[in-house]
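Just below is one structure, and these are the notes that go with it.
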Number of protein chains: 2
Amino acid sequence: MESSIIVRAPLHVQVGERLRELIDQGTLAAGMRLNEAELCTQLGVSRTPLREAMRALASEGLLELQPNRGAIVSIVTVEDLTEILPIMSVLEGLAGRLACSCMGDDKIQEVREIHDTMIGHYQRKELSEYFQTNRLIHELITEGSGNQTLMESINSLSAKVRRARFTTEMTDDSWARAVSDHEEMIDALEKRDGIRLEQVIIRHVEAKGTTILGVIKNEYAPQS
Amino acid sequence: MESSIIVRAPLHVQVGERLRELIDQGTLAAGMRLNEAELCTQLGVSRTPLREAMRALASEGLLELQPNRGAIVSIVTVEDLTEILPIMSVLEGLAGRLACSCMGDDKIQEVREIHDTMIGHYQRKELSEYFQTNRLIHELITEGSGNQTLMESINSLSAKVRRARFTTEMTDDSWARAVSDHEEMIDALEKRDGIRLEQVIIRHVEAKGTTILGVIKNEYAPQS
DNA sequence: TCTCTTTATTTTGCATACAAAATACGTTAT
DNA sequence: ATAACGTATTTTGTATGCAAAATAAAGAGA
């Protein structure tokens with residue numbers, strides 16, 4: 001009787017995860033062509049599992065397959081973001097509404113603590129830490145919806161937004177507004193006011209989207 | 001100089017489409033195990049393109065891959081529908097809101113015509129034709145959003161709902177309500193009142209969801 | 001008769017080999 | 001020098017073969 005059998009995941013799954021990492025961390029940059037043979041030697045696998053993994057990533061939108069011409073790391077365009085952000089908005093809103101019914105008191109308490117931590121980072125102008133805790137809050141609320149499908153949808157879209165890699169520098173004004181949104185969010189969550197939380201999140205994410213798109217346009221034309 | 005070169009799609013793509021059809025039409029029933037060798041002879045291809053196609057379908061959620069144990073046609077459970085329907089609701093709502101800004105007058109006119117046709121089917125109690133035109137309206141509005149990502153999300157979820165294959169028999173009451181919702185929808189669309197259209201669609205789809213889930217529960221316990 | 005073990009068969013996972021398409025390169029002609 | 005053609009090389013697409021895992025089957029012991 002073996003007690004610790006390590007059932008290692010199929011190769012193509014491992015390869016898929018590895019590719020995801022490489023894309024996420026930018027080693028495989030957007031627009032880059034993927035050479036199968038090259039990747040094979042690099043990952044130490046044959047073409048079959050690599051290709052299977054690539055199909056999977058392609059149908060998730062991370063890769064773009066060009067018939068007889070290989071695959072490139074898909075590029076997240078401004079147009080893509082313009083499409084994605086409104087969707088994120090209503091989906092995260094829905095997650096918030098559901099979370100108000102589904103989350104346990106302890107989980108809400110947890111969000112409250114992270115929220116307070118985030119406020120501290122805001123007051124000390126610790127941008128990076130602020131973003132990290134901010135993201136954590138959104139993730140906890142998404143999880144809190146208790147809706148697996150919704151989580152997956154949001155995560156998939158969220159990954160694309162992150163891959164866009166814009167330099168997010170907020171103005172004092174938009175930052176203050178974001179924080180005030182979050183104050184209202186945690187309040188609505190603690191009162192389990194789903195409708196209100198949904199509205200606040202929708203507004204909040206829409207504003208965030210506007211900021212992002214604004215920043216990106218500036219990057220395209222920074223001299224203006 | 002060849003003028004009509006038919007660039008036939010890669011095999012694995014063709015296979016993927018064929019599998020999708022087979023699953024959609026129920027030839028490959030939910031829960032059914034897929035034998036690679038069997039499918040290969042049946043489709044006249046080797047295992048490699050078949051397997052690649054299967055990975056792709058799996059990451060779209062149509063198949064479920066069990067390591068070393070093959071693939072089964074994924075089963076859409078009541079829990080899945082319970083998760084999916086609220087998402088459909090807000091996504092279709094968003095599509096409606098966007099459609100009010102994006103659709104051309106001619107397209108709206110087209111929806112109006114189909115709407116009137118649908119009302120005719122309702123009055124003559126032509127259930128099947130009613131559903132068909134109903135679905136067409138929802139699809140046109142989704143398209144009308146001009147948001148490709150949103151369309152894909154909705155279509156993907158919508159496909160799962162359809163695969164659940166419940167017997168949709170509406171009561172006179174819920175049918176009347178659905179029609180009245182549609183009257184309000186076409187009105188809001190023609191007035192390009194995005195906010196109102198969004199609200200109506202959300203309510204409408206939620207109600208449809210309630211009906212569906214109700215019906216399914218009855219099927220599970222029909223004697224009650 | 002039932003259960004557990006052992007063996008045989010099927011089925012999946014991976015690697016390799018071959019074919020076809022696309023790209024790169026060099027040559028020739030204008 | 002440039003453009004166009006043809007060849008060589010690279011790269012992708014598909015098929016097949018072998019190994020490992022899972023399932024089915026058969027047999028031995030209780």
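So that the names make sense, note that chain A is the first sequence line, chain B the second, and so on, each numbered from 1.
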Taking the side chain of [X] as its heavy atoms from C-beta onward, which of [options] lies nearest to it?
X       : options                : result
B:Arg47 : D:dG13, D:dA15, C:dG13 : C:dG13
A:Asn35 : D:dT11, D:dT14, C:dC14 : D:dT11
A:Arg51 : C:dC14, D:dT11, D:dG13 : D:dG13
A:Ser46 : C:dT16, D:dT14, C:dT23 : C:dT16
A:Asn68 : D:dT14, C:dA22, C:dT16 : C:dA22
A:Arg55 : C:dT11, D:dT14, D:dG13 : D:dG13

I want to check one thing: is the phosphate of D:dT23, taken as OP1 and OP2, less than 4.0 Å away from some side-chain N or O of B:Arg69?
yes
If you count every heavy atom of other residues, nucleotides or ligands that lies below 6.0 Å from A:Gln132 atom CD, does the total exceed 12?
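Not buried by this count: 12 neighbours or fewer within 6.0 Å.
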Roughly how many Å is it from [atom1] in [X] to [atom2] in [N], rounded to a whole number?
X       : N      : atom1 : atom2 : result
A:Leu34 : D:dT10 : CG    : C1'   : 16 Å
B:Leu50 : C:dT12 : CG    : C1'   : 12 Å
A:Glu36 : C:dC14 : CD    : C1'   : 15 Å
A:Gln66 : D:dT11 : CD    : P     : 15 Å
A:Glu52 : C:dT12 : CD    : P     : 12 Å
A:Met54 : D:dT11 : CE    : P     : 13 Å

Upstream residue (5' side of DNA chain C) when A:His12 and A:Pro67 are each assigned their closest nucleotide:
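The residue whose closest nucleotide sits nearer the 5' end is A:His12.
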Close side-chain approach of B:Val76 to B:Val161, heavy-atom, < 4.5 Å:
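No, too far: nothing below the 4.5 Å cut-off.
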